[in-house]
Amino acid sequence: MEEGREARASLRLRTVLRHLVSSRPAGLAGAAALTHFPTSAQIATAKYPVHFRYTLDNDLLSPEQRHFYEENGYLVIKNLVSDEDIERFRDEFEKICRKEVSVVGLTIMRDVAIAKSEFLQDQKAVTKIQDFKADEELFRYCTLPQIVKYVECFTGPNIMAMHTMLINKPPDPGKKTSRHPLHQDLHYFPFRPADRIVCAWTAMEKIDRRNGCLVVLPGTHKGTLKQHDYPDWEGGVNKMYHGVRDYDKSNPRVHLAMEKGDTVFFHPLLIHGSGMNKTDGFRKAISCHYASSDCHYIDVKGTSQENIEKEVTEIAKSKYGIDSPITLKDAWVLRAHLVKGERINL
């Protein structure tokens, strides 16, 4: 039985790797001809199920793409965001780091082990900014037509932007703090159903194992939400970087090497993380978590998400001086922003 499980895991890994090594056609324009973007799904002659659980019927995704996401929980679309758009996002991020732009509600995060910035020597390095919905330029990413068309394949027509991030993974200072532990994004979300939530994550430059690309555990989106806690890492762990407990360590890992403009869409239960940045430069990516506005909020008390609710409450009290009781739902209601269609529940 053990040999059979290992054989199946090995077969899955070989299949995924074949999907990821397809070459990029020359001369692809960033936002043109959406259905012609090469993807991580490989054309095959296999028969696919009549009913797909994780994607919705549409004219954009091929049966092969839908099957790949069904089995693996992610889908890479090559060259989806143009160089021009990415440079505009980069410029806006630099302005924020230089304090030339002030954004209401923005959360700026700094690495626990770094004392200097990429842009200003007298600032701690900005490793991530979150909740940039009030920044017109950065939030434009969440509304790019070529992104939203794919998002609709997972959420349906009523689309909410729930969580926005621009990640600026720093060169590791030798303490391995540039890593992000393996986790499931649903740990942070008090809304369901999980199958109508998706993340769009776009590489802002060439990303590979040297500068800390994403690593995913294919197929883990079919499981349940697991307990998360801070990992016991020497050198410390960045705030809110919870890691998953008790996952199957024999599950194959796939490192998603991506070119500038490539975008991966993935399920909130997919176990994923990222390694150290072993280069001298900063590794940038921009992302947004979307959900159908038909989703509903849940009470996380008595669940594995109770610890994240407690931490969010403590941060709100410290940052905003709020003394009244705050739930995880309250925090996400403030973050949510309608992108397309009608705002129903979220």
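When F191, Y290, W332 are each tested for a ring-ring contact (aromatic ring centres under 6.0 Å, His included) with H163, only one passes: W332. Between H267 and the choices D195, N72, T220, D185, the side-chain hydrogen bond (donor to acceptor under 3.5 Å, both in side chains) rule is met once, by D195.
The minimum heavy-atom distance between S287 and I167, with the atom names listed, is OG-CD1, 4.2 Å. Looking at every heavy atom in both residues, L338 comes nearest to I159 through CD1-O, 3.6 Å. Q227 and S304 make their closest contact through OE1-CB, 3.5 Å (heavy atoms, listed as atom of the first residue, atom of the second, distance). The minimum heavy-atom distance between D135 and E92, with the atom names listed, is OD2-OE2, 2.6 Å. Taking each heavy atom of L138 and I286 in turn, the nearest pair found is O-CD1, 4.3 Å. Smallest separation of non-hydrogen atoms from N277 and F282: ND2-CA, 4.1 Å.
Interatomic distance, OG1 of T327 versus CD of E309, reported as 6.0 Å (0.5 Å rounding). Between I197 atom CD1 and C295 atom SG the span is 5.0 Å, to the nearest 0.5 Å. To the nearest 0.5 Å, the span separating CG on D91 from CD1 on I96 amounts to 11.5 Å. In this structure, L270 CG and K222 NZ are separated by 11.5 Å, a value rounded to the nearest 0.5 Å. Rounding to the nearest 0.5 Å places OH of Y54 at 13.5 Å from CZ of R66. Atom NE2 of H187 is separated from atom CD1 of I308 by 4.5 Å, given to the nearest 0.5 angstrom.
With salt bridges taken as basic N to acidic carboxylate O contacts below 4.0 Å, one links E259 and K206. Between D85 and R140 there is a salt bridge, since a side-chain N of the basic residue sits under 4.0 Å from a carboxylate O of the acidic one. Contact check on R98 versus E94 returns a salt bridge, with a Lys/Arg side-chain nitrogen under 4.0 Å from an Asp/Glu carboxylate oxygen. E137 has a carboxylate O that lies under 4.0 Å from a charged side-chain N of R88, or vice versa, which qualifies the two as a salt bridge. For the pair E152 and K340, the salt-bridge criterion is met [side-chain N within less than 4.0 Å of a carboxylate O].
Proximity of V264 to M258: side-chain heavy atoms (C-beta onward) are separated by under 4.5 Å at one or more points. With a 4.5 Å cut-off on side-chain heavy atoms, I77 and F265 count as touching. Between L346 and M162 there is a side-chain heavy-atom pair separated by less than 4.5 Å. At a threshold of 4.5 Å between non-hydrogen side-chain atoms, the residues I86 and K260 count as touching. F266 has its side chain out of reach of V198: every pair of non-hydrogen atoms, C-beta onward, lies at least 4.5 Å apart. At least one side-chain heavy atom of L225 sits less than 4.5 Å from a side-chain heavy atom of H228. Within the 4.5 Å cutoff, the side chain of L166 has heavy atoms near those of the M204 side chain. Inter-residue side-chain proximity for F132 and V104 is flagged as unmet; no heavy-atom pair is nearer than 4.5 Å.
Close placement of the H272 and H183 rings is indicated, their centers lying within 6.0 Å of each other. Here F52 and Y69 keep their ring centres 6.0 angstrom or further from each other.
The local environment of CD in E100 is crowded, with over 12 non-hydrogen atoms from other residues, nucleotides or ligands closer than 6.0 Å. Other residues, nucleotides and ligands contribute at most 12 non-hydrogen atoms within 6.0 Å of the CZ atom of R210.
At least one cation-pi condition fails for K95 and F93: the charged atom is not both under 6.0 angstrom from the six-membered ring centre and inside a 45 degree cone around its axis.
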- request: Test side-chain contact (heavy atoms from CB on, under 4.5 Å) on N211 and T279 and set out the steps.
  value: CA-CA 6 Å; N211 60 4; T279 70; 3.9 Å; yes

Q: Could you go through the side-chain contact (heavy atoms from CB on, under 4.5 Å) check for K226 and R245 one step at a time?
A: CA-CA 7 Å; K226 299 182 179 298; R245 279 185 175 182; 5.9 Å; no

Under the side-chain contact (heavy atoms from CB on, under 4.5 Å) criterion, do Y74 and V254 qualify, and how do the steps go?
CA-CA 11 Å; Y74 71 96; V254 174; 4.0 Å; yes

**Request:** Kindly indicate, with the supporting measurements, whether the criterion salt bridge (charged side-chain N to carboxylate O under 4.0 Å, His left out) is fulfilled by D294 and R343.
**Result:** CA-CA 8 Å; D294 294 293; R343 186 168 189 171; over 6 Å; no

(message) Set out, in order, the CA-CA distance, both residues' side-chain angles and the distance that settles side chain to side chain donor-acceptor pair (under 3.5 Å) for S292 and T155, then state yes or no.
(response) CA-CA 5 Å; S292 168; T155 64; 6.0 Å; no

Full working for side chain to side chain donor-acceptor pair (under 3.5 Å) between S82 and E84:
CA-CA 5 Å; S82 70; E84 178 184 355; 5.1 Å; no

Practice problem: Determine, stepwise, if the pair R253 / L182 fulfils side-chain contact (heavy atoms from CB on, under 4.5 Å). | Solution: CA-CA 11 Å; R253 299 186 182 193; L182 291 172; 3.5 Å; yes

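Side-chain atoms of D262 come within 3.5 Å of backbone N or O of N79 as a donor-acceptor pair. For Q146 (side chain) and L80 (main-chain N/O), a donor-acceptor pair under 3.5 Å exists by modelled atom type. In this structure, Q65 contributes its side chain and L75 its backbone to no donor-acceptor pair below 3.5 Å. Remark: the backbone N or O of E70 is paired with a side-chain donor or acceptor of H221 at under 3.5 angstrom. Checking side-chain atoms of R209 against main-chain N and O of H255 turns up no donor-acceptor pair under 3.5 Å. Side-chain N or O atoms of N345 include none that pairs as donor or acceptor with a backbone N or O of H296 at under 3.5 Å.
A continuous path of ILVMFWY side-chain contacts below 4.5 Å connects L60 to L144, so both sit in one hydrophobic cluster. Note on L334 and I108: separate hydrophobic clusters, where clusters join Ile, Leu, Val, Met, Phe, Trp and Tyr whose side-chain heavy atoms are under 4.5 Å apart, directly or indirectly. I147 and L56 fall into different hydrophobic clusters, where Ile, Leu, Val, Met, Phe, Trp and Tyr residues are linked whenever their side-chain heavy atoms come under 4.5 Å apart, directly or through other members. Under the 4.5 Å side-chain contact rule for hydrophobic residues, V333 and F189 share a cluster.
Side-chain contact annotation: S274 with K169, donor-acceptor N/O pair under 3.5 Å present.
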